[in-house]
Structures are given as structure tokens and as C-alpha cells.
Amino acid sequence: MLDISLMVTLLTNLTELKHCEKLPLVTDTTISADLGRMKLYRNQVAHIKDGKIDNTLFTTSWEDITEAVDRLGGRHLHTECIELRTKNPRTVISSLEHKRASQNNHIEIVKLLIEYMADINQNTDNGATPLLVACANNDLKVVNLLLDNKADINMYSHDGVSPLVVSCINQNADIVKVLVDNMADINQCTYSGRSPLCIASEKNCLKIVEYLLANKADIDKCGDDGVSPLYMACQMNYLELVKLLLENKPDINKCINTGATPLFIAVQLKHTEVVKCLLDHKADVNKCVDTGESPLYVASENNDMVLVNILLSNKADTNSCEKYGASPLYTACKENF
């Protein structure tokens with residue numbers, strides 16, 4: 001089990017990270033602050049006497065920790081946090097009988113409750129609806145029944161998770177198709193800006209990605225950090241997905257908030273076949289990140305002869321320097337390559 005307190009103690013003693021004694025400001029997103037958030041929330045929850053946490057504290061701490069995990073570990077962990085919360089009993093359990101019936105696949109009870117005028121869109125304190133629960137449980141029959149009785153298909157939980165989003169997380173192509181065919185908002189994002197297409201791309205679910213694109217999903221819609229579906233596919237080295245997305249003409253040079261392009265991240269992570277595919281589709285070989293490093297600079301820094309040759313053969317600028325004036329040649333000499 002991860003001991004957060006021990007981890008923070010070691011990091012503050014072995015590195016220059018600062019120790020947090022109180023919850024950092026919302027605007028403080030440094031590594032020290034994020035580690036401090038995790039430790040302080042952990043201690044707060046661990047010392048609750050009756051083992052119960054009120055809804056306000058739960059929602060605030062979960063969302064705060066999710067954003068910290070995102071910054072520390074990457075977008076794939078953010079999706080796992082969404083998935084975990086969606087399936088967490090606090091989110092999906094309600095005192096309303098028709099919700100319990102949905103969770104347990106009791107379709108006959110669901111039918112009966114609907115006949116007796118149960119509120120089909122009544123949600124929990126965290127915003128979970130019967131339809132969201134049915135999608136989280138991969139119950140296609142209940143999903144169809146709720147939709148046939150006019151369930152709100154775009155109603156979402158308090159962190160912005162819609163039925164379509166959770167179905168993409170679960171990689172359930174059948175439910176995704178039903179939702180899209182019933183006019184679900186195909187570009188409705190979570191509160192962190194994650195679209196269904198971006199989540200399906202992160203999961204490398206080609207069938208769902210193809211269906212979303214066929215129904216006019218915004219291929220360039222990004223999260224709050226600027227990550228597009230193409231960037232995600234390149235980062236994760238999903239070559240077949242990269243090819244599928246490129247066939248649908250995305251902005252191939254669209255950058256994340258640091259200025260990194262899909263080509264840059266593919267070079268940085270040494271995804272050679274992805275790099276070739278991007279260059280074949282005319283990706284900008286010289287587009288640099290905000291600090292000035294070019295793809296060639298990173299390939300030289302990584303001592304990657306194969307990628308250096310590929311980039312040079314595609315007219316990479318050998319004299320493009322980062323913000324302190326270091327060129328690809330300089331970094332190659334510096335590292336004794």
C-alpha cells in the first residue's frame with residue numbers, strides 16, 4: 001500500500017520540494033503543492049471518527065485530488081479517477097428504489113417503478129442518474145428501457161461525467177451506439193474538458209472512435225491541458241489509432257499548453273513508426289515547444305540515431321535552438337554522443 005506521508009517525507013528530505021502544513025491555494029499547482037494536497041486530504045479522511053464523510057468534503061477532496069493526480073501522473077490517471085468515482089458506491093447508490101433496481105439489473109422492477117411514475121431523472125447528491133448508473137454497469141437492456149421512457153441522455157454527474165463519457169470509459173461500443181443514435185451530445189465534455197472522443201482514444205477503442213467520428217465528433221476538441229485525441233494517440237503509441245485519426249483530417253500540428261505537438265511527443269517518447277506516419281502526413285518537423293526545443297533537438301538529446309536520420313531526411317532545421325541558445329549539435333556534444 002502506498003504510504004503518502006512517508007513518500008512526502010522522503011521527497012522533502014531528498015529533494016528541494018517544500019513541505020506543506022496546510023492545504024495549498026487553488027492557484028498553486030506545483031509538485032510540492034499537489035503532494036501536499038494528497039497527504040493532507042489523506043490525513044483528514046483517516047482521522048474521521050465515525051468513518052463517514054459528508055458529501056461536500058467528498059466532492060471537494062475527490063475533485064482536488066483528481067486534478068493533482070492528473071498533473072503528477074498524466075491524463076490516463078485522470079480517466080481512471082473518473083472511472084473509479086463513477087463506480088464508487090457513494091456516487092451510484094441512492095435511496096430511490098428505481099436506482100437500486102437499475103444497479104442490480106432488475107429490469108422488471110425498473111419497468112414497474114417507471115409505470116408508477118418514478119422520477120426517471122432523479123439524481124443522487126453527486127449527480128448520478130439511473131441512466132448513468134445503467135451505463136456504468138454496462139446494462140444495455142436497462143439503458144434502452146430508460147431511453148424509451150425519455151430519460152435525459154445528457155444529464156451528467158457533478159464532475160461532468162455523462163452517460164456517453166462513462167460508456168467510452170467502459171469501452172462499451174454497443175451502449176455508445178445506442179446513446180449516439182438517441183442524440184447524445186457527442187462533444188459534451190467532463191469538467192476538465194475531456195470529450196468522449198478523447199477518452200475513447202485514450203482507451204485505444206478503435207470501434208468507438210470510428211463510430212464517434214462517423215457521427216461528427218469534434219476531432220480537435222481538447223482537454224483543459226490542450227491534449228487532443230491525436231496527441232493522446234501519439235503519446236500512447238497507438239499506431240492504428242493515429243492512422244484512423246489522420247484519415248479524418250485533424251489539425252496535425254495542434255499543440256498542448258506547453259507547445260508540444262503530436263510529432264514532438266512521439267519523438268520525445270521514441271515512437272518511431274508514429275513519427276514516420278505523422279511526417280508522411282506533413283506534420284511540421286520544425287515546430288518547437290514553448291521553451292524552444294525542436295523535435296530534432298529532443299531526438300539528439302535522446303541519442304536516437306534512427307529518429308535523427310528520419311527528421312533530417314524530412315528537412316529538420318539543424319540550427320534551431322532552445323531558449324538558452326543550445327542547438328541539436330550542442331546537446332549532442334554535451335552528452336558525449
Under the side chain to side chain donor-acceptor pair (under 3.5 Å) rule, collect the residues that match up with [X], sequence neighbours excluded.
| X | answer |
| --- | --- |
| Glu247 | none |
| Thr291 | Glu293 |
| Lys276 | Glu273 |

Is the side chain of [X] donor-acceptor paired with the backbone N or O of [Y] at a distance under 3.5 Å, no angle test?
| X | Y | answer |
| --- | --- | --- |
| His271 | Met236 | no |
| Asp284 | Asn253 | no |
| Gln188 | Asn154 | yes |
| Asp304 | Ala299 | no |
| Asn237 | Val274 | no |
| Asn172 | Cys135 | no |
| Asp317 | Asn286 | no |

Are [X] and [Y] close enough that some pair of their side-chain heavy atoms sits under 4.5 Å apart?
| X | Y | answer |
| --- | --- | --- |
| Ser157 | Leu132 | yes |
| Asp251 | Ser228 | no |
| Leu230 | Lys254 | no |

Solution key, residues 256-263 side-chain donor-acceptor pairs under 3.5 Å, sequence neighbours excluded:
residue : atom : partner : partner atom : Å
Asn257  : ND2  : Asp224  : O            : 2.8
Asn257  : ND2  : Asp225  : O            : 3.4
Thr261  : OG1  : Leu263  : N            : 3.4
Thr261  : OG1  : Phe264  : N            : 3.0

Please say yes or no: joined through hydrophobic side-chain contacts below 4.5 Å, possibly via intermediate residues, are [X] and [Y] part of one cluster?
| X | Y | value |
| --- | --- | --- |
| Val308 | Leu329 | no |
| Tyr156 | Val161 | no |
| Tyr191 | Leu197 | no |

side-chain contact (heavy atoms from CB on, under 4.5 Å) between Leu296 and Ser320, intermediate numbers included: CA-CA 9 Å; Leu296 181 59; Ser320 178; over 6 Å; no
Rounded to the nearest 0.5 Å, how far does [atom2] of [Y] lie from [atom1] of [X]?
| X | Y | atom1 | atom2 | result |
| --- | --- | --- | --- | --- |
| Ile107 | Asp139 | CD1 | CG | 6.5 Å |
| Cys234 | Leu239 | SG | CG | 9.5 Å |
| Ile175 | Ser167 | CD1 | OG | 5.0 Å |
| Cys222 | Met232 | SG | CE | 10.5 Å |
| Leu278 | Asn314 | CG | CG | 11.0 Å |
| Gln235 | Ile265 | CD | CD1 | 5.0 Å |

side-chain contact (heavy atoms from CB on, under 4.5 Å) evaluation trace for Leu212 with Ile186: CA-CA 7 Å; Leu212 292 173; Ile186 205 165; 3.6 Å; yes
Pair Leu147-Val178, side-chain contact (heavy atoms from CB on, under 4.5 Å): steps then yes or no: CA-CA 9 Å; Leu147 290 174; Val178 167; 3.6 Å; yes
For Ala151, side-chain contact (heavy atoms from CB on, under 4.5 Å) partners two or more places apart: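 Here the qualifying residues are Ile120, Asn121, Leu131, Leu146.
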Ion pair check, Glu108 and Lys111, cut-off under 4.0 Å: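 Salt bridge between Glu108 and Lys111, a charged N being under 4.0 Å from a carboxylate O: yes.
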Any pair counted as salt bridge (Lys or Arg N to Asp or Glu O under 4.0 Å), so long as it reaches residues 167-189, sequence neighbours left out: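 Qualifying pairs: Lys177-Asp181.
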Audit row: Lys207, Glu210, salt bridge (Lys or Arg N to Asp or Glu O under 4.0 Å) steps and yes/no: CA-CA 5 Å; Lys207 187 175 181 180; Glu210 191 169 17; over 6 Å; no
